[in-house]
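Have a look at the structure below before the remarks.
Proteins get letters first, then strands, A, B, ... in listed order; numbering begins at 1 in each.
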Number of protein chains: 2
Amino acid sequence: MSKAKRLMELIVAVNRKRRFTVKELADEFGVSMRTILRDLQELSELGIPLYSEVGPHGGYRILQERLLPPIAFTEREAAAVFFAVQALRRYSSLPFETETSTALNKFYTYMQEDVRARIDKMRDRVDFITPVRRAQSPHLPVLLDAAIRQVVLLVDYASKQQRGKREIQPIGIYTQGGLWYCLAYCFLRKSFRVFRCDRIDSAVPSDSPPLDLQQIHLGSKEELIRLEEDSVYLYADLSKEGVEACEANPCPVPLLHVFNDGTGRLEGNVERSDIPYFASYFVGLGKEATVRQPKELRAAIRQLLSDLMVRYADEGIVTQE
Amino acid sequence: MSKAKRLMELIVAVNRKRRFTVKELADEFGVSMRTILRDLQELSELGIPLYSEVGPHGGYRILQERLLPPIAFTEREAAAVFFAVQALRRYSSLPFETETSTALNKFYTYMQEDVRARIDKMRDRVDFITPVRRAQSPHLPVLLDAAIRQVVLLVDYASKQQRGKREIQPIGIYTQGGLWYCLAYCFLRKSFRVFRCDRIDSAVPSDSPPLDLQQIHLGSKEELIRLEEDSVYLYADLSKEGVEACEANPCPVPLLHVFNDGTGRLEGNVERSDIPYFASYFVGLGKEATVRQPKELRAAIRQLLSDLMVRYADEGIVTQE
DNA sequence: TATAACCATGACGTGATTTGTCACTATTAT
DNA sequence: ATAATAGTGACAAATCACGTCATGGTTATA
């Protein structure tokens, strides 16, 4: 690396770390300590406020406030960031609620006039639409913080069946289809579960000792949510349109295979208790999907269809308000 | 003067002048033109967007390098922006493809080490899931640019029925459910239409004179997509779960009303030709929805149900592969 | 069509700069 | 005392920067 480039990167590195030693930098840049010392002297002459202390635990320090150095964004980069933040604003709840709006504001007000004008023009011409849900998730910051610091929370959760307090150790939070979910270890069920954040009515840190789950994160989601013993093998064929519908509205468990001609198939093991859900799912796909297995699911679909038949059978029953 | 210092000053000089020639800088810095040329190339490699034009009145220019003033983001703001950009990265296509990654990179590398460590920790603990679609939309930048500058494009579009070239004047682009759409005036149909961007196979500026649509933008979407003459009034009751399903997977036209108890109703005018779509939509909602009107839709649902009944009727027919 | 004003690139030798090493000194926490 | 840290000076080897020359390309303009 040329000296000029090294100096530039040195400025960045020195701003990033607030404290550092000569040896540290020498290792990082793969040059000798003598060279780094010469470089640092040069940076000093260039006006970068460096300060050093000798002795053990000594080292260099940069005398500056904690702020990002003047970052040079190109206009297009600024626009991209602006729209990214803008996209997030469509979410009804966020773990960084206020921060996004202040950051957006800073970005906007510091932009130069002409750039701002162009951004304004774009504003009405790009949009990121996310399902708008009424459900609020007010405890996202607490959940995220607990996931990062790995502490146990006592939450008040209203599941479909019942509602009550339970202790959970959050792994992470994610949003999908306009709702927020929290993957966590549930001390009540003694397994990993996914909680809908809008169904969490309160969340406070608990004193219970946390498990050591540092290595577990959202990436391992699929493996954590284990199937119950009682699972059945599902197999369904999909038309081209069926494939698209599945992509748009992914169902949790089974694997989607797509063939070259655009058609595809869904297969995988699903829990027996989820059969009603899948029945509804496949009925929604209409003629674009054909379930081959299991028989139970086909039966459930048949049942659902005939129930619906009844609902839509007799015109005479229709009441109007 | 050392080379490093000259480069730093060169950056300043180049930002100060917007346009300059090699000779000019050579004289100013008292070095040969060859040296300046080498320096400028190095600056390019360092990421300064330089651009040159040959010929008389040609010379170098600096491209859109707007230095935002040193913005002091708080740690949480930086995190929020970082995740906003990160969220966008899950989209398979974007109108600012490269910009988001360079911006993300700048943010990340300029962060102080401790902040960065915390961000890293969060990385696996927050996620923004968007349907991953195989469909690519490579022409987004062209479409967006056309929408902003209001020019007419000649596109090669593959609609469900047919495929062919047509002229459109884009109003804006938006993404929903993992796909990109373009709202545009279609000169072929002489009305405003929504195009799926992944079905646009080519898009090139056309010479045709644009209409004056400056005042029209994405906000006016609903009004633009006018109903055909032949529309019917739709009315459906929804259970609580039905309301949630509708929120997650919004259907285009009708209005959703939600009552205090969580149940709701869908109503509005829909095109008669869309009845098959709505039949499938409501069948997908299963028992969570009851269509009251129109009769045609109830009939279509009945038809769809009996078709499906046939498909799932006889276990004996099931073939296995 | 010619010309001038630009940029672009390669080769090469000289001379300047950079770098690593070594041998020191100085300071300070433990 | 010892170890960890910064700081300096000297010197040779390696590397790099620079200017010069040569060549060639593009484009506006006359």
Side-chain angles (χ1 to χ4, degrees), chain A residues 1-66 72 74-75, chain B residues 1-65 112-114 117 205 207:
Chain A
M1 194 195 318
S2 78
K3 186 192 171 194
K5 198 169 179 193
R6 194 181 61 231
L7 282 183
M8 306 262 193
E9 293 190 17
L10 212 47
I11 293 178
V12 176
V14 149
N15 268 295
R16 203 182 46 212
K17 316 170 184 294
R18 266 170 319 171
R19 270 171 149 279
F20 54 90
T21 67
V22 175
K23 178 151 194 349
E24 206 177 312
L25 289 183
D27 289 346
E28 189 172 329
F29 283 86
V31 293
S32 70
M33 289 171 61
R34 187 69 182 86
T35 302
I36 292 292
L37 275 167
R38 280 191 278 239
D39 286 350
L40 288 177
Q41 184 162 357
E42 210 161 325
L43 289 193
S44 268
E45 284 160 15
L46 284 171
I48 291 175
L50 294 173
Y51 162 79
S52 67
E53 269 178 1
V54 296
H57 311 299
Y60 270 87
R61 286 200 221 154
I62 186 160
L63 302 172
Q64 244 179 27
E65 290 304 308
R66 288 176 66 86
T74 66
E75 177 178 336
Chain B
M1 185 182 355
S2 81
K3 188 195 169 193
K5 203 166 178 194
R6 192 182 62 231
L7 282 184
M8 307 258 195
E9 292 190 18
L10 212 45
I11 292 177
V12 176
V14 148
N15 269 298
R16 182 168 32 101
K17 312 170 186 295
R18 246 189 13 252
R19 281 168 143 275
F20 52 91
T21 66
V22 174
K23 180 153 192 346
E24 206 177 312
L25 289 182
D27 290 347
E28 190 172 327
F29 283 86
V31 293
S32 72
M33 288 171 59
R34 188 68 182 88
T35 302
I36 292 292
L37 274 168
R38 280 191 277 240
D39 286 351
L40 289 178
Q41 185 164 349
E42 210 162 325
L43 289 193
S44 268
E45 284 160 13
L46 284 171
I48 292 176
L50 294 173
Y51 159 80
S52 65
E53 264 178 6
V54 297
H57 310 299
Y60 268 88
R61 288 199 218 154
I62 187 159
L63 283 181
Q64 323 279 15
E65 178 84 345
Q112 282 164 14
E113 210 146 73
D114 52 343
D207 291 332

What's the [atom1]-[atom2] distance between [X] and [N], to the nearest Å?
| X | N | atom1 | atom2 | value |
| --- | --- | --- | --- | --- |
| Glu45(B) | dA8(C) | CD | C1' | 14 Å |
| Phe20(A) | dT5(D) | CZ | C1' | 13 Å |
| Gln41(A) | dT19(C) | CD | P | 14 Å |
| Lys23(B) | dC6(C) | NZ | P | 9 Å |
| Met33(B) | dT20(D) | CE | P | 12 Å |
| Leu7(A) | dT17(C) | CG | P | 15 Å |
| Glu53(B) | dC7(C) | CD | P | 11 Å |
| Ile36(B) | dC18(D) | CD1 | P | 9 Å |

Would you compute the distance between atom [atom1] of [X] and atom [atom2] of [Y] and round it to the nearest 0.5 angstrom?
| X | Y | atom1 | atom2 | answer |
| --- | --- | --- | --- | --- |
| Met33(A) | Asp27(A) | CE | CG | 9.0 Å |
| Leu46(B) | Met8(A) | CG | CE | 5.0 Å |
| Leu50(A) | Glu45(A) | CG | CD | 11.0 Å |
| Leu7(A) | Asp39(A) | CG | CG | 5.0 Å |
| Lys3(B) | Ser2(A) | NZ | OG | 5.0 Å |

(request) Determine, for nucleotides 25-30 of chain D in 5'-to-3' order, which nucleotides have protein heavy atoms under 4.0 Å from the base (write B), from only the sugar-phosphate (write S), or from neither (write -). (result) BBBB--

(request) Determine which pairs satisfy ring-ring contact (aromatic ring centres under 6.0 Å, His included) with at least one residue from residues 6-34 of chain A, sequence neighbours left out, and list them in order. (result) Phe20(A)-Tyr60(A)

(request) Could you list the residues that satisfy side chain to side chain contact (heavy atoms under 4.5 Å, CB included) with Glu28(A), not counting sequence neighbours? (result) Ala13(A), Arg16(A), Lys17(A), Leu25(A)

(request) Kindly write out the residues that satisfy side chain to side chain contact (heavy atoms under 4.5 Å, CB included) with Ser32(A), not counting sequence neighbours, or none if the list is empty. (result) Arg34(A), Thr35(A)

(message) Taking the minimum atom-to-atom distance to the side chain of Ser32(B), which one of dG19(D), dA6(D), dC7(C) wins?
(response) dG19(D)

(request) Return no unless some side-chain N or O of Tyr51(A) is found under 4.0 Å from OP1 or OP2 of dA6(D). (result) no

Listing time: all N or O pairs from protein to nucleotides 10-17 of chain D that are below 3.5 Å?
unit_1	atom_1	unit_2	atom_2	d
dA17(D)	OP1	Lys3(B)	NZ	2.6

(request) List for me each residue that meets salt bridge (charged side-chain N to carboxylate O under 4.0 Å, His left out) alongside Lys5(A), sequence neighbours excluded, and say none if there are none. (result) none

